[in-house]
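Written out below as structure tokens is the structure these notes cover.
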Amino acid sequence: MLFFVNNLMLVLHPVKGIFMSHSDIPVRVRFAPSPTGYLHVGGARTAIYNYFFAKALQGTFYLRIEDTDQKRYNEEALQDLLKDLQWLGLNWDEGPGVNEKHGPYFQSQRLHLYAQHIQKLLDSGDAYYCFCTEERLQELRAEQEKSGASITGYDRHCRDISKEEAKNRIAQGEKAVIRFKVPKTGNTTFTDFIRGEISYQNELQDDLVLIKRDGFPTYHFASVVDDHLMQTSHVLRGDEWISSTPKHILLYKAFGWEPPVFCHLPVILAAGGGKLSKRKGAASVGDFRELGYLPEALVNFLALLGWNPGDEREVMSLEEMINSFSLDRINPKSVAFDEKKLKWMNGQHLHRCDHSVLLEALLDGLKKESIQTEDFNKEYHLKVVEMLKTRVSFLTDLAPMASYFYKKPSHFDEKAQKKNWGENSLSISKSVRNELKKLTDFNAVSIEKAFQQLAESSQIGLGKIVGVVRLAVSGVAGGPGLWEMFELLGQSEVLNRIENAESLMKS
RNA sequence: GGCGUGUUCGUCUAGUGGUCUAGGACGCUGGCCUCUCACGCCGGUAACACGGGUUCGAACCCCGUACACGCUACCA
């Protein structure tokens with residue numbers, strides 16, 4: 001439940017039952033991915049909100065790896081995950097490799113802690129051994145489905161096996177899981193930070209598994225134990241967890257712990273609705289990196305998918321977003337991922353990003369295309385960047401667009417040839433060459449003057465004249481202002497290229 | 001099936017009972033700038049899911065319905 005008093009946001013602490021101003025709670029939040037696949041943009045956004053929230057309130061953002069599913073564990077996915085988070089600029093204050101005072105941060109290395117805690121629940125009678133086989137459970141489920149029963153889930157078959165009997169059976173080597181003893185009556189209610197009060201009937205919850213047959217904890221158990229041990233103040237996670245939250249609350253209660261504040265984040269859907277998947281286009285952080293998106297643009301875009309600063313700003317730096325971030329401005333509804341807007345956003349960031357970033361992308365790209373750059377200095381490259389920056393949507397557009405600044409065009413755009421190299425183009429070309437040859441100081445101003453004079457004396461439109469030689473020099477129909485471009489390329493190179501192309505023009 | 005969450009232009013959103021003949025952004029579109037292509041600038045397009053209530057008054061509150069999504073695993 002939220003209140004605003006004199007612009008100060010107050011939070012009803014779920015257990016203490018008192019109102020606390022936000023700044024009174026030492027904020028510790030986590031991003032807790034499971035290393036089973038690439039970092040999906042939905043997961044990235046969850047990480048972003050956690051990070052923003054921590055930074056906005058001078059709290060701690062920690063990273064915890066939920067690797068409790070041995071079958072689905074993927075080492076490569078883990079490495080990608082860490083790399084992607086860093087690329088996005090979401091550096092963790094605590095986590096693998098960083099300030100490990102609440103570690104270890106891999107759940108697979110915390111097994112002793114879960115063992116210790118499950119014992120407490122076993123002792124208090126809040127948990128019990130269940131010897132049911134997978135087959136029995138499957139049959140049970142099939143039956144429930146067939147009969148259309150309204151109450152589904154585990155039938156609590158082993159709930160009343162005495163501790164002694166259970167102990168004996170375990171001693172004899174019988175395999176078991178450990179389940180939580182959910183109260184059979186009553187309701188469990190919690191307050192979601194952005195949705196308000198949510199209530200579930202305990203009767204409808206089944207006795208969830210806490211410890212699996214392989215000895216590993218389930219998500220439910222491990223995350224509750226860890227969130228407590230790691231002193232998590234707020235749990236910001238995907239809204240697929242809403243319906244398990246009452247189980248988590250019940251676990252906190254069984255331990256006698258105060259639950260954190262829960263805040264369930266909406267999901268990101270594909271543009272046409274439905275799940276966002278690789279088949280429907282890029283879906284992971286790595287995909288967007290490869291497409292040439294800037295990390296700050298992706299973060300900005302993702303942050304705005306479900307959140308806004310309360311005014312009309314959209315293109316924002318990381319710092320700006322952190323400074324205006326607050327949880328209560330997150331929308332509860334799921335959103336569609338619109339790549340068109342991301343592309344625009346990327347352009348915005350590209351136009352204002354540091355030239356050194358563009359320079360690096362340019363040189364990288366040229367290298368990949370095996371275009372020689374040794375003959376040109378940094379100043380030259382920067383001028384190319386300056387001329388091209390408003391014309392690119394992606395970092396990866398830069399090099400292909402810049403190739404003619406480094407070598408003669410090897411190909412002339414077909415459509416542009418038809419348009420620009422028709423009747424008279426050869427004579428236009430020759431007269432341009434004639435005029436440019438005369439220039440003793442080959443700069444943008446003098447070049448422009450020469451073109452203006454030629455247009456006037458020949459009674460041919462400036463656009464037409466420019467079109468002929470632009471194509472000859474660059475191989476394409478569009479690009480930076482011709483005068484600046486010619487100045488940078490230099491007189492002899494320009495004259496050379498024009499002359500070379502003349503064999504393809506019509507007289 | 002049960003339970004839960006959600007629903008404002010095509011998309012992201014503003015909006016917390018009168019200032020909403022619903023504002024902004026992307027997209028699309030008309031124009032300006034101009035040597036081209038972009039950028040930029042100016043304008044246009046288009047929405048309160050539906051039905052009932054409550055109220056002098058509802059996008060905003062309540063109840064239904066529809067639709068979407070999630071959970072219903074010894075996955076997370």
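Naming convention: chains lettered A, B, ... in sequence-line order (proteins, then strands); numbering from 1 in each chain.
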Rounded distance in Å - [atom1] ([X]) to [atom2] ([N]):
| X | N | atom1 | atom2 | result |
| --- | --- | --- | --- | --- |
| A/E314 | B/G23 | CD | C1' | 13 Å |
| A/L269 | B/G6 | CG | C1' | 11 Å |
| A/F301 | B/C12 | CZ | P | 9 Å |
| A/L462 | B/C37 | CG | C1' | 15 Å |
| A/L140 | B/U72 | CG | P | 15 Å |
| A/Y128 | B/C74 | OH | P | 11 Å |
| A/F221 | B/C75 | CZ | C1' | 18 Å |
| A/H157 | B/C74 | NE2 | P | 16 Å |

Check every strand shown and say whether [X] touches a base, only sugar-phosphate, or nothing at a heavy-atom separation below 4.0 Å.
| X | result |
| --- | --- |
| A/G461 | nothing |
| A/G479 | base |
| A/K464 | nothing |
| A/T152 | base |
| A/V335 | sugar-phosphate |
| A/L137 | base |
| A/F451 | nothing |
| A/P480 | base |
| A/Q107 | nothing |

From the options [options], select the nucleotide whose nearest atom is closest to the side chain of [X].
| X | options | value |
| --- | --- | --- |
| A/S244 | B/A76, B/A14, B/C3 | B/A76 |
| A/R141 | B/A73, B/A76, B/A25 | B/A73 |
| A/K333 | B/U8, B/C74, B/G24 | B/U8 |
| A/E240 | B/C75, B/C71, B/G1 | B/C71 |
| A/K340 | B/G70, B/G27, B/A38 | B/G27 |
| A/A336 | B/A76, B/U11, B/C35 | B/U11 |
| A/R72 | B/U11, B/A76, B/G6 | B/A76 |
| A/W344 | B/C12, B/C3, B/G27 | B/G27 |
| A/K341 | B/G6, B/C26, B/C35 | B/C26 |
| A/N331 | B/G70, B/U13, B/A76 | B/U13 |

Next on the checklist: Please compare A/D338 and A/A176 by the position of their nearest nucleotide in RNA chain B and report the one closer to 5'.
Outcome noted: A/D338

Item to check | Residue whose closest nucleotide on RNA chain B lies nearer the 5' end, A/L482 versus A/L305 | outcome: A/L305

Give a yes/no answer on whether the side chain of [X] brings an N or O atom under 4.0 Å of OP1 or OP2 in [N].
| X | N | value |
| --- | --- | --- |
| A/K212 | B/A76 | yes |
| A/N308 | B/U13 | no |
| A/Q452 | B/U34 | no |
| A/R329 | B/G15 | yes |
| A/T68 | B/A76 | yes |

Watson-Crick/G-U partner (both atom distances under 3.5 Å) of [N]:
| N | answer |
| --- | --- |
| B/C61 | B/G53 |
| B/C75 | none |
| B/C26 | B/G10 |
| B/C41 | B/G31 |
| B/U19 | none |
| B/U5 | B/A68 |

Quick check, are the ring centers of [X] and [Y] under 6.0 angstrom apart?
| X | Y | answer |
| --- | --- | --- |
| A/F394 | A/Y293 | yes |
| A/Y73 | A/F216 | no |
| A/W421 | A/F412 | yes |

For atom [atom1], what is the distance between [N] and [M], given to the nearest Å?
| N | M | atom1 | result |
| --- | --- | --- | --- |
| B/U55 | B/U72 | P | 44 Å |
| B/U34 | B/C12 | C1' | 33 Å |
| B/A49 | B/C35 | P | 49 Å |
| B/U8 | B/A14 | P | 10 Å |
| B/A59 | B/U7 | C1' | 12 Å |
| B/G24 | B/G15 | C1' | 12 Å |
| B/A76 | B/U65 | C1' | 34 Å |
| B/G40 | B/U21 | P | 33 Å |

Item to check | Validation row: A/L388, A/P480 side chains within 4.5 angstrom (heavy atoms) | outcome: yes

Next on the checklist: What I'd like to find out is whether the side chain of A/F221 reaches to under 4.5 Å of the side chain of A/V209, using heavy atoms alone.
Outcome noted: no

Checklist entry - Are A/R136 and A/D155 within salt-bridge range, i.e. N to O under 4.0 Å? => result yes

Checklist entry - Thinking salt bridges, do A/E487 and A/K383 make one under a 4.0 Å N-O criterion? => result no

Next on the checklist: Nearest 0.5 angstrom please: A/D192 CG to A/C263 SG, how far?
Outcome noted: 5.5 Å

Next on the checklist: Which residue in the set A/R159, A/K247, A/K184, A/K181 passes salt bridge (charged side-chain N to carboxylate O under 4.0 Å, His left out) when paired with A/D207?
Outcome noted: A/R159

Checklist entry - Is the Lys NZ or Arg CZ of A/R179 less than 6.0 Å from the centre of A/Y154's six-membered ring, within 45° of the axis? => result yes

Checklist entry - Under 3.5 Å, is there an N or O donor on one side and an acceptor on the other linking the side chain of A/R391 and the base of B/C37? => result yes

Next on the checklist: Does A/R470 contact B/C35 through a side-chain donor or acceptor facing the base, at a distance under 3.5 Å?
Outcome noted: yes

